[in-house]
Structure formats: structure tokens, C-alpha cells
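Below, chains carry the letters A, B, ... as their sequence lines are ordered, and counting in each starts from 1.
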Protein chains: 2
Amino acid sequence: MTENIIFKALSDPTRRAIFDKLAGGGRNATALREGMEISQSAMSQHLSVLREAGLVREERQGRYVHYEVEPQGLLLLIRWLAKYRTYWPARVDALKALLKDMDQ
Amino acid sequence: MTENIIFKALSDPTRRAIFDKLAGGGRNATALREGMEISQSAMSQHLSVLREAGLVREERQGRYVHYEVEPQGLLLLIRWLAKYRTYWPARVDALKALLKDMDQ
DNA sequence: AAAACAAATAAGCCGATGCTTATATGTGGC
DNA sequence: GCCACATATAAGCATCGGCTTATTTGTTTT
């Protein structure tokens, strides 16, 4: 689960869209395809890449496979970004929201 | 300067290494190459990609071109990550350090 | 002006990547 | 067992991406 695999996995917009959908709630591959104009095979391959990168976890449930975001998945990316926090813009909405979330 | 261009730019390990070097201090392309076993042309092309992604800024200084990290560059990546903060592991060293930095 | 050096660009090569279609594997219901 | 459905995998194709070499552009020095 190297940093590089994660960046590669997230470098494709379709995979980021899939990840985003999963972040809104775990579901199976068929449900993921809804409204996405993507073949069954392509979806399966994308999910495989996301899983290899540790961004997604899967669990078989009967004849479906349930996918969901792996909470540890973004860790390396967070660490990578944190290395450069001297370069983060000082006042960023996202940061403020993040702070509010964490400050407890 | 779309999100996608940034992810693509950072998906290459050589470019992340270049960015990392620049984060340690701005310098020109020749200096960047030191200890990196990369051709002049390849370096120039990588820097071009980083610049297009808004991660790096350049300024001509005589016959050298000085490159440095563009402070706004990581903004979109930060925003992207912040979207998924419900999935961030609660106790992360990087986060704690970040908090300490920001909480003032 | 000419030579020397820094960087950018052009063109081509080749491996990586995302897609397609076709087929295989897994699982539940009849 | 057999069929239907969910997902994975194989194989091939087209495009993309990072590299190379060669050349061009820009700037300083003499």
C-alpha cells in the first residue's frame, strides 16, 4: 500500500467519482453503476484498483459484494499533504471546517 | 487549474520528488537535477506539468529560471481531502501536528 | 558577433492504462 | 441440477504519458 499506488489510483477521475459515491454510503457494484454510464467490467476493474490502493474495502454479502470506503485509506495521502503544511494557505474554508471537527 | 490536472501531476513519483525538493527551497532546473539522474529535457517537461497544475511557479532570473512551490497549489487537494474528513482516522500524528500549527 | 550555458520544444518510441467484448466464477432461488 | 444474476478475469485495442535525442530559444560572457 505504497503512497504511489494511492496517487495512481486517485489520478483517474472515474475512480475518484466512484470513491466519492462510496463515501456517500457503501453499496454493491451494480448499485454503484447507477447513473454512471460505465460497463460492468470497467467498474469491476476500477474497484479492484481502489481496493489494491487500500482506499476501499469489500465484503461479500450473498451474491453481492458490498464495497465501502476504507477509513485508513486516506492516511498516506494526509501524511503526504501534512509534510507541506508550511505551504498551506493560512485561511482556507476547508481547514476551518476541519479544525472545528477536530477541536474537541 | 482543475482538480484532475493536480491529481495527474502528482501521480508521477518523479514529479512528487521534484515537488518535494522544491518544498525544501526554490532553485533552478539545473540545481534541481543534482543527484536526481534525470535528463535536462525530462526535468523541463516535469516542471512544465507541475506549473500547469499550479503547484509550482517560475520566474526568470538572468539565464536561469527560478522555480518554487506555489503556496496556493495544494488548495484543491486540501479541499478534496477535506470532503472526506468523516473518514479520516481520528488519531493521526500528522493531524495532531497540523492542529497544533493551526490552533492559534 | 561569437561562444557558452540554461531551458524549452519537437518528434518519436514504448510501456502503462482505461476501455471493450467475451468468458469464467460465485452464489441464491427454483 | 439448472437457471438467473453479480462479479471477476482474459484478451485485445487505442490512447496517454514519460522518456530519449535533436534542435531551438533566451541570456550572459568575452
Side-chain angles (χ1 to χ4, degrees), chain A residues 1-22 25-70 73 77, chain B residues 1-22 25-70 73 77:
Chain A
M1 224 72 60
T2 166
E3 179 182 279
N4 194 47
I5 296 183
I6 297 181
F7 271 104
K8 291 269 191 224
L10 291 175
S11 72
D12 181 68
T14 304
R15 277 194 295 269
R16 287 199 306 281
I18 293 171
F19 182 84
D20 190 72
K21 233 174 174 181
L22 283 178
R27 68 199 87 178
N28 62 60
T30 304
L32 270 174
R33 288 180 61 205
E34 278 166 21
M36 272 206 77
E37 205 146 325
I38 185 177
S39 73
Q40 180 268 316
S41 176
M43 174 60 78
S44 175
Q45 291 173 63
H46 280 310
L47 284 169
S48 172
V49 171
L50 289 170
R51 186 173 39 73
E52 299 276 312
L55 291 164
V56 149
R57 58 191 315 198
E58 65 182 60
E59 183 190 350
R60 187 164 269 277
Q61 287 181 353
R63 64 178 163 183
Y64 293 84
V65 177
H66 181 81
Y67 293 94
E68 55 186 31
V69 167
E70 162 65 58
L77 195 54
Chain B
M1 222 72 61
T2 166
E3 180 183 281
N4 194 48
I5 296 182
I6 296 181
F7 272 104
K8 291 270 190 223
L10 291 174
S11 73
D12 181 68
T14 304
R15 277 194 294 269
R16 287 200 305 281
I18 293 171
F19 182 84
D20 190 73
K21 233 174 174 180
L22 283 178
R27 67 199 86 177
N28 62 60
T30 304
L32 271 174
R33 288 180 60 204
E34 278 167 21
M36 273 206 77
E37 205 146 327
I38 187 178
S39 74
Q40 180 267 317
S41 177
M43 174 59 79
S44 175
Q45 290 173 64
H46 280 310
L47 285 169
S48 172
V49 172
L50 289 170
R51 186 174 40 71
E52 299 276 312
L55 291 165
V56 148
R57 58 191 314 197
E58 65 182 61
E59 183 190 351
R60 187 164 269 276
Q61 287 180 351
R63 64 178 162 187
Y64 293 82
V65 176
H66 181 80
Y67 293 93
E68 55 187 31
V69 167
E70 162 65 58
L77 194 55

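- Shown are B:L50, B:V49, B:D12; of these, the side-chain contact (heavy atoms from CB on, under 4.5 Å) with B:I18 is made only by B:L50.
- Atom CD of B:Q61 has more than 12 heavy atoms from other residues, nucleotides or ligands within 6.0 Å.
- In terms of the side-chain hydrogen bond (donor to acceptor under 3.5 Å, both in side chains) criterion, B:Q40 has no residue partners (sequence neighbours excluded).
- Of the possible polar contacts, none joining the B:R27 side chain to the B:A29 backbone as a donor-acceptor pair under 3.5 Å is found.
- Note that the first and last nucleotides of DNA chain C, 5' to 3', having any atom under 4.0 angstrom from a heavy atom of chain A are C:dT17 to C:dG28.
- Of the N and O atoms on the side chains of B:E52 and B:S48, not one donor lies less than 3.5 Å from an acceptor on the other residue.
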Practice task
Do nucleotides 18-30 of chain D as a string where each nucleotide becomes B, S or -: B if the base has a protein heavy atom under 4.0 Å, S if just the sugar-phosphate does, - if no protein is that close.
Solution key: SBBB-----BB--
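- B:N4 and A:P13 make their closest contact through OD1-CD, 3.5 Å (heavy atoms, listed as atom of the first residue, atom of the second, distance).
- Computed from coordinates, the B:E52 CD to D:dG17 P distance equals 13 Å when rounded to whole Å.
- Heavy-atom neighbours of B:R33 CZ from other residues, nucleotides or ligands within 6.0 Å: above the threshold of 12.
- Within 4.0 Å (heavy atoms only), B:S44 reaches at least one base atom of the nucleic acid.
- Looking at B:L55 and B:L10, their side chains come closer than 4.5 Å, going by heavy atoms from C-beta outward.
- Rounding to whole angstrom units, CZ of residue A:R33 and P of D:dC5 are separated by 14 Å.
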